[in-house]
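Every value quoted in this text rests on a predicted model; they were computed, and no experiment measured them. Numbers restart at 1 for each chain; the letters A, B, ... are given by sequence-line order, proteins then strands.
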Number of protein chains: 2
Amino acid sequence: MSDHATKFKREPAEQRKEALIQATLSLIAEQGLQGATVRAIAERASVTQGLIRHYFSSKEDLITAAYDFHMRRLTDMTSAPADGDYSTARLRLATFVTTGLTHPVVDPGSVSLWAGFLNKVLADDKMQAIHEQTYRDFRDRLESLIADALNEVGIPASPAELRRLAIACNAVVDGLWMEGGALPYAFEPDELPKIGLASVGAIIGVELTDLEQRQT
Amino acid sequence: MSDHATKFKREPAEQRKEALIQATLSLIAEQGLQGATVRAIAERASVTQGLIRHYFSSKEDLITAAYDFHMRRLTDMTSAPADGDYSTARLRLATFVTTGLTHPVVDPGSVSLWAGFLNKVLADDKMQAIHEQTYRDFRDRLESLIADALNEVGIPASPAELRRLAIACNAVVDGLWMEGGALPYAFEPDELPKIGLASVGAIIGVELTDLEQRQT
DNA sequence: ATTATAATTATACAGTTGCATAATTGTAGG
DNA sequence: CCTACAATTATGCAACTGTATAATTATAAT
């Protein structure tokens, strides 16, 4: 009679780690950092709290890993559709902006998550490094899309100019992203991407709004 | 001999309340919401913890009051210099943008504070109401400045257009504000206001960068 | 089947948290 | 001067926190 109801299952390390990270992220999104206690995380991941210590040397270690995971995912979600777009540079830029200002990138949970981490970012060096890294990745990606679009219309820009344009466009996208996440019902469904396209277009001096509708 | 060293002093209610709020804000700015425990707040305000309960019915009550106080101050700091400017509408708008992108409005503590509150904002109705209120105040202020500037150069805009422009400009300013606060050493001292002016100018189609230097 | 071992659970602990309640004490009005 | 009362301190408590350590148990290799 070996029918003892098995009390737990062993999972591959990476899978468990990610499950714990996901549990952590969902808790922070819902209740902020304070809601992410080891016990709450363990419960949400259907695991006992001791296991967290087995995979992460401390709670801070888990938080750091979760932050890295979230920021990477955010950047990837925004970049992916534009990366697969091989039409014109302008359209690629437009796709990037539109994606970054549409669900699921724009989402209360995402914004809450980002905000929840921010004060740790300013206090902890490791967090600061991750923040700087992901910010630069995102902005560099945007800068190269802008450079391509400007070349395409025959108005290339100097490196210094490109830097300024990238910072500005990044700010518009970030700002709209935040507002959309923080006030989900304050904007029409298509309003944010439209405003984003018009603004980025105005800043770099290239028309972007009419491009999106066309079928290849 | 009535020289017993007086153990405490009675302060007017409003003054004590504000002292407690200031202590709360400085703690959240430095360490996030988690650092703002009743004991830490009391100590920073040079008071014992029981007193907090005497002025605020709960910790949440204090946090809410602190949030309201901070957001009001942020909006006021940004608006004040532009309000006292009676030259041209364009200059007033430029002053508004510049002020919002310069110290002390741009400041790691301010951003940290704002972020620390955000997840509470999404969860708590009272906080949500305060957030919506201050956001609208700020954006409406910006919208009226934009409207004046456009009228001044003879290109008035429709209400719907004005709304879009205000949302976009608000996003630029907010985005730059955040980036400046989150990465204090990533930008040159004058870089953010310059980029802000150029971007807002580009979005609404009015030159703003050359105005600031002129002496009346 | 047995065994070795890592994955997982179980238990314990000292410190911290928000809050309630009681005990003081400054101070304005008589 | 003193008296009343609110402002403030003092003390206590139950719940929760992160972490350490020991006890189980699934599972792959033998």
Is the distance from OP1 or OP2 of [N] to the nearest side-chain N or O of [X] less than 4.0 Å?
{"X": "A:T37", "N": "D:dT17", "result": "yes"}
{"X": "B:K7", "N": "D:dT9", "result": "no"}
{"X": "B:T48", "N": "D:dT8", "result": "no"}

Donor-acceptor side-chain pairing of A:Q31 and B:N119 below 3.5 angstrom: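 No, no side-chain donor-acceptor contact under 3.5 Å.
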
Carboxylate-amine/guanidinium contact B:D190 B:K194, below 4.0 Å: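 Looking at B:K194 together with B:D190, the answer is no, because their closest N to O distance does not fall below 4.0 Å.
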
Under-4.0 Å salt bridge between A:R163 and B:E191: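 Here A:R163 pairs with B:E191 in a salt bridge, since their nearest N and O are under 4.0 Å apart.
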
Salt bridge (charged side-chain N to carboxylate O under 4.0 Å, His left out) partners for B:D124, two or more places apart: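 B:D124 satisfies salt bridge (charged side-chain N to carboxylate O under 4.0 Å, His left out) with no residue once adjacent residues are dropped.
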
Residues forming a salt bridge (charged side-chain N to carboxylate O under 4.0 Å, His left out) with A:E30, sequence neighbours excluded: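 Expected list: A:R44.
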
Side-chain donor/acceptor of B:T95 to backbone N/O of B:A82, under 3.5 Å: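 No, B:T95 side chain to B:A82 backbone: no donor-acceptor pair under 3.5 Å.
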
Of the listed nucleotides D:dT27, C:dG26, C:dT8, the one nearest the side chain of A:R16: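 Nucleotide nearest to A:R16's side chain: C:dT8.
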
Given D:dT19, C:dT17, C:dT25, the nucleotide with the shortest approach to the side chain of B:R10: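 In terms of side-chain proximity for B:R10, the closest of D:dT19, C:dT17, C:dT25 is C:dT25.
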
[X] has an atom [atom1]; how far is it from atom [atom2] of [N], in whole Å?
{"X": "A:L33", "N": "C:dT17", "atom1": "CG", "atom2": "P", "answer": "15 Å"}
{"X": "B:E11", "N": "D:dA6", "atom1": "CD", "atom2": "C1'", "answer": "15 Å"}
{"X": "A:K17", "N": "C:dT8", "atom1": "NZ", "atom2": "P", "answer": "13 Å"}
{"X": "A:L20", "N": "D:dG18", "atom1": "CG", "atom2": "P", "answer": "14 Å"}
{"X": "A:Q31", "N": "D:dC16", "atom1": "CD", "atom2": "C1'", "answer": "14 Å"}
{"X": "A:E14", "N": "C:dA7", "atom1": "CD", "atom2": "C1'", "answer": "15 Å"}
{"X": "B:I41", "N": "D:dT8", "atom1": "CD1", "atom2": "P", "answer": "16 Å"}
{"X": "B:K9", "N": "D:dT9", "atom1": "NZ", "atom2": "P", "answer": "13 Å"}

Close residues, residues 49-58 of chain A, relative to DNA chain D [heavy-atom separation under 4.0 Å]: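 Hits under 4.0 Å, by residue number: A:Q49, A:R53, A:S58.
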
First of B:F8 and B:R39 reached from the 5' end of DNA chain C, by closest nucleotide: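 In this pair, the answer is B:R39.
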
Axial cation check for A:Y67 ring with A:K120, 6.0 Å and 45° limits: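 No, a cation-pi geometry is absent between A:K120 and A:Y67.
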
